[in-house]
Amino acid sequence: MFDRLKAQFSKLYDSLAKTELKGKDLDKVLDGFQLELIQSDVAVSVAEYVSTELKNKLGGVEFTRFSDPRARVRAILGEVLLSVLEKAGHLDLYEFVDKKRAAGEPAVLVFVGINGTGKTTSIAKLAHILQKKGRTVILAASDTYRSGAMEQLEVHARRIGVKMIKHQYGADPAAVAFDAVNYARAHGVNVVLIDTAGRMGTNTNLLEEMKKIVRVTKPDLTILVVDALTGNDAVEQGRVFSQAVKIDGIILAKLDADVKGGSSVSLSYIMGKPVVMVGTGQGYDDLEPFRADFIVKNMIS
Ligand SMILES: Nc1nc2c(ncn2[C@@H]2O[C@H](COP(=O)(O)OP(=O)(O)OP(=O)(O)O)[C@@H](O)[C@H]2O)c(=O)[nH]1
Ligand SMILES: [Mg+2]
């Protein structure tokens with residue numbers, strides 16, 4: 001995870017520990033660092049923010065007073081990265097579900113994103129984990145578009161042991177989701193997870209269909225699932241989906257395979273929406289709440 005970013009951070013500690021850390025010397029090192037962040041898929045505005053903050057924070061530091069300048073630089077970088085990752089706030093999905101449950105209502109979550117990002121898998125993982133926590137879950141097979149999509153979700157549902165609502169292929173996905181929400185209300189099911197077809201931002205019909213699902217089901221949360229390997233296009237995906245529907249949070253899937261790591265740092269900062277969970281593998285337990293402090297610790301280690 002974050003191998004490339006880590007290598008760049010390590011290089012930064014070394015060069016900063018060597019130079020005078022003043023004026024132009026410092027600026028030069030940090031300008032170089034900014035470019036390297038961009039090469040690691042950190043969005044330009046975020047890379048600029050990080051390097052400006054580092055200039056401000058490091059400019060006034062008297063390094064002679066510290067026995068270990070490397071550790072000091074690392075700590076300051078950690079502070080800056082944390083401010084990036086925490087900018088959009090925090091959303092605890094399990095707390096959210098329990099609040100709805102206490103109010104006697106199902107939590108309705110719809111998952112959107114482009115093709116193959118990890119929507120269906122993330123839904124299966126979440127259903128599994130919620131069940132383990134003793135919450136009841138129902139799935140809505142609202143990807144009535146891609147062939148095999150309903151069977152894929154059905155296999156998960158059977159393995160995990162949750163109920164799934166489906167119609168025919170080609171059926172109205174909003175109607176499937178609506179049925180699942182009604183079922184949950186009638187039977188006191190705690191959580192409704194709505195799987196939707198992957199869609200490109202350029203496909204107007206599918207975007208309209210997604211808007212309809214949201215209009216009809218009025219979900220509590222609309223979660224954008226992004227593949228951590230996507231790189232800078234993740235920001236573009238965020239923009240397109242946010243324009244179509246109100247996104248409440250992000251799942252970063254496949255973080256286990258994310259070699260560069262930059263998109264993970266930028267996306268939530270730019271969208272102003274929190275990363276809620278991260279996917280860390282292909283197993284049902286490989287979905288973890290996003291912990292900014294934990295991620296930063298890992299990045300600067
Ligand atoms: N390594 C790893 N693989 C994952 C993760 N999440 C999903 N995958 C894999 O990514 C592939 C696509 O996942 P899906 O869940 O089918 O993606 P989707 O967004 O539902 O795809 P469409 O329905 O076609 O749009 C599958 O092979 C998953 O096993 C993860 O966190 N880590
Ligand atoms: Mg799918």
Side-chain angles (χ1 to χ4, degrees), residues 1-3 93 109-130 137-160 162 164-167 169-171 173-174 176-177 180 192-203 205-207 209-210 213 219 221-231 233-234 236-238 240-241 244-245 247 249-261 263-264 267-268 275-291 294-295 298:
M1 234 186 265
F2 310 121
D3 289 343
L93 213 53
L109 277 61
V110 54
F111 295 76
V112 299
I114 71 160
N115 310 69
T117 52
K119 295 175 291 297
T120 306
T121 309
S122 299
I123 286 172
K125 291 173 178 175
L126 192 56
H128 166 74
I129 295 167
L130 283 165
V137 181
I138 186 166
L139 309 182
S142 288
D143 182 353
T144 61
Y145 181 77
R146 179 174 62 78
S147 83
M150 286 175 5
E151 289 79 5
Q152 185 192 354
L153 191 68
E154 203 159 33
V155 167
H156 286 308
R158 206 177 318 119
R159 281 196 200 139
I160 301 162
V162 294
M164 180 184 104
I165 300 286
K166 67 169 178 179
H167 292 182
Y169 278 103
V176 181
V192 185
L193 303 176
I194 301 167
D195 191 22
T196 69
R199 60 206 76 218
M200 292 303 183
T202 45
N203 192 324
N205 285 344
L206 279 174
L207 284 180
E209 182 198 86
M210 176 180 74
I213 299 172
L221 299 174
T222 301
I223 305 289
L224 177 69
V225 182
V226 177
D227 180 336
L229 285 160
T230 310
D233 188 53
E236 174 61 14
Q237 290 171 23
V240 170
F241 280 87
V245 292
I247 302 294
I250 302 161
I251 286 182
L252 266 181
K254 312 181 200 178
L255 204 62
D256 50 308
D258 182 20
V259 279
K260 284 188 175 177
S263 58
S264 337
L267 186 61
S268 125
V275 176
V276 188
M277 307 281 261
V278 294
T280 54
Q282 309 225 31
Y284 285 130
D285 285 301
D286 297 331
L287 185 75
E288 294 167 20
F290 179 76
R291 292 260 321 269
F294 186 77
I295 298 269
N298 181 308

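Atoms within each ligand, like the ligands themselves, are counted from 1 in listed order.
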For this session: Could you tell me which residues satisfy salt bridge (Lys or Arg N to Asp or Glu O under 4.0 Å) with R291, sequence neighbours excluded, listed by chain and number?
Result: D293

Exercise. Taking non-hydrogen atoms only, is E288 closer than 4.0 angstrom to ligand 1 via side chain, backbone, both or neither?
Worked result: neither

Exercise. If you measure every N/O of K125 against every N/O of ligand 1, is any gap under 3.5 Å?
Worked result: yes

Problem set entry | For ligand 1, the portion of T117 having any non-hydrogen atom under 4.0 Å away | both

For this session: Sort by chain and number the protein N/O/S atoms found under 2.8 Å from the Mg ion (ligand 2).
Result: T120 OG1

Exercise. Under a heavy-atom criterion of less than 4.0 Å, does D286 contact ligand 1?
Worked result: no

Exercise. Can you find an N or O of S122 that's nearer than 3.5 Å to an N or O of ligand 1?
Worked result: no

Exercise. Can you tell which part of V225 has a heavy atom less than 4.0 Å from ligand 1: side chain, backbone, both or neither?
Worked result: neither

Exercise. Side chains of R159 and Y284: closer than 4.5 Å at any heavy-atom pair?
Worked result: yes

Exercise. Does any N or O atom in N115 lie less than 3.5 angstrom from one in ligand 1, N or O only?
Worked result: no

Exercise. At a 4.0 Å threshold, what atoms of ligand 1 neighbour a non-hydrogen atom of G198?
Worked result: 25 (O)

Problem set entry | G113 near ligand 1 by a heavy-atom separation under 4.0 Å | no

